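What follows is a set of notes on a single structure, which appears directly below.
Note that the structure is a prediction, hence the values are computed from the model and not measured. Note that the numbering runs from 1 along the sequence shown for the chain.
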Amino acid sequence: QKAAQNLKPVVPIKFRISSRTDTGVHALCNSAHLDIQRAPGKPVFSEKQLVYGLNYHLKPEPIRILNAYRVTNSFHARFSALSRTYIYRLLMGCTHYSEIPVFERDLCWAPAGGYLNVPAMQDAAQFLLGTHDFSTFRSLNSETPFQSPVRTILQADIRPSSGFLSQHYEHRGLEFWELKFRGRSFLYRQVRRMVGALVAVGQGKLTPHHIKELLEIKDSRAFPSNAMAPPSGLFLKSVEY
């Protein structure tokens, strides 16, 4: 918003962003919309000029504008979204947090105990697919009384992945896995709770069928204590329109 103000619009700029995330969560891609009005006699910004201009003023920040598009007045970055895709990165094979590659620090989660039972986690993830009351899988906040707990999960996959420069330390026996979730919208900390419950299944603390039972309880207090995944492994991958 500050970068856009440096483009000297006539009317103060207000960004409307598609998704908010917890502190410590990353975004590979996010989207926002803004109205920008130039002084009389000045031509409107082209999409390319807007990208270059915003990035010039964003140099010191860990954020870059990838694309800009002209949209209709009825478009809204948050409410026009058809779906959102999140990726959660897990690292298996670490017996101690000090074994996490230094370049992966704060970019993945290495759950205690080393390796996880991935087939059991994949079975458990199937219970999350479809439309459910996800009350058990949300953290309570000020918006809770005004939000429906019903959400639809369109995709819940667990697949092997690669780490940054991981081909250079294959001998260490570390494995990267990605959990991918796609849905129209998510509740507060829903993805982190779903990941935490699936990891508990992988550790043998829960069975796949426990995921179904947690959904049916519909009570956030029933969620296992200390099971929520940390924010460091979570990435907003894309917002689809």
Side-chain angles (χ1 to χ4, degrees), residues 16-33 74-90 109 118 120-159 177-202 205-241:
R16 305 286 181 183
I17 200 157
S18 72
S19 301
R20 291 180 301 164
T21 56
D22 302 338
T23 301
V25 175
H26 315 282
L28 297 169
C29 187
N30 204 341
S31 53
H33 77 262
S74 60
F75 178 86
H76 195 287
R78 180 179 175 189
F79 301 117
S80 299
L82 298 177
S83 64
R84 294 164 173 83
T85 302
Y86 282 90
I87 297 289
Y88 198 99
R89 300 181 69 236
L90 290 177
W109 177 29
V118 175
M121 293 169 66
Q122 291 169 328
D123 290 345
Q126 298 310 299
F127 289 115
L128 298 170
L129 285 171
T131 303
H132 307 282
D133 182 320
F134 280 96
S135 291
T136 308
F137 289 89
R138 71 168 166 189
S139 293
L140 304 181
N141 67 358
S142 58
E143 294 179 6
T144 301
F146 311 105
Q147 275 189 334
S148 166
V150 177
R151 291 293 185 271
T152 301
I153 302 295
L154 303 168
Q155 185 177 6
D157 293 336
I158 304 172
R159 294 178 181 171
W177 290 76
E178 280 185 3
L179 287 75
K180 184 177 184 180
F181 300 97
R182 183 167 61 89
R184 174 105 196 242
S185 61
F186 295 87
L187 298 165
Y188 181 50
R189 292 181 174 168
Q190 180 185 344
V191 176
R192 289 172 58 193
R193 281 190 167 217
M194 292 191 298
V195 170
L198 292 176
V199 165
V201 169
K205 296 175 181 176
L206 299 177
T207 67
H209 209 265
H210 274 127
I211 301 299
K212 185 173 185 287
E213 291 174 6
L214 286 172
L215 279 169
E216 291 169 350
I217 291 170
K218 302 174 186 175
D219 185 349
S220 64
R221 293 168 298 183
F223 189 78
S225 59
N226 303 317
M228 184 167 67
S232 54
L234 184 57
F235 295 75
L236 173 62
K237 180 181 183 287
S238 58
V239 183
E240 294 82 36
Y241 294 97

Can you confirm whether [X] sits close enough to [Y] that some side-chain heavy atom of one is under 4.5 Å from a side-chain heavy atom of the other?
X      : Y      : value
Thr21  : Leu234 : no
Arg184 : Thr152 : no
His210 : Val201 : no
Arg138 : Arg151 : no
Arg193 : Leu214 : no
Arg84  : Arg78  : yes

For this session: Take the angle between the ring planes of Tyr241 and Phe75 and call it parallel below 30°, perpendicular above 60°, tilted in between.
Result: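 Ring orientation, 0 to 90° scale: tilted.
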
Problem set entry | Ring geometry between Phe134 and Phe137 (parallel below 30°, tilted from 30 to 60°, perpendicular above 60°) |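 Because their plane-to-plane angle is over 60°, the rings of Phe137 and Phe134 count as perpendicular.
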
Just how far is it from atom [atom1] of [X] to atom [atom2] of [Y], taken to the nearest 0.5 Å?
X      : Y      : atom1 : atom2 : value
Phe223 : Thr136 : CZ    : OG1   : 9.0 Å
Arg89  : Ser232 : CZ    : OG    : 10.0 Å
Lys237 : Ile87  : NZ    : CD1   : 6.0 Å
Asp22  : Ser139 : CG    : OG    : 8.0 Å
His132 : Leu215 : NE2   : CG    : 5.5 Å

Exercise. Does the gap between the ring centers of Phe186 and Phe181 come in under 6.0 Å?
Worked result: no

How far apart are the closest heavy atoms of [X] and [Y], and which atoms are they?
X      : Y      : result
Met194 : Leu128 : SD-CD1, 3.9 Å
Ala156 : Gln126 : O-NE2, 4.0 Å
Ala222 : Ile217 : CB-CG2, 3.6 Å
Ile211 : Ala197 : CD1-CB, 3.6 Å
Ser83  : Leu154 : CB-CD1, 4.4 Å
Ser135 : Pro149 : OG-CB, 3.2 Å

For this session: Would you kindly say whether Ser19 and Asn30 are connected by a side-chain donor-acceptor distance under 3.5 Å?
Result: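 Short answer, no.
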
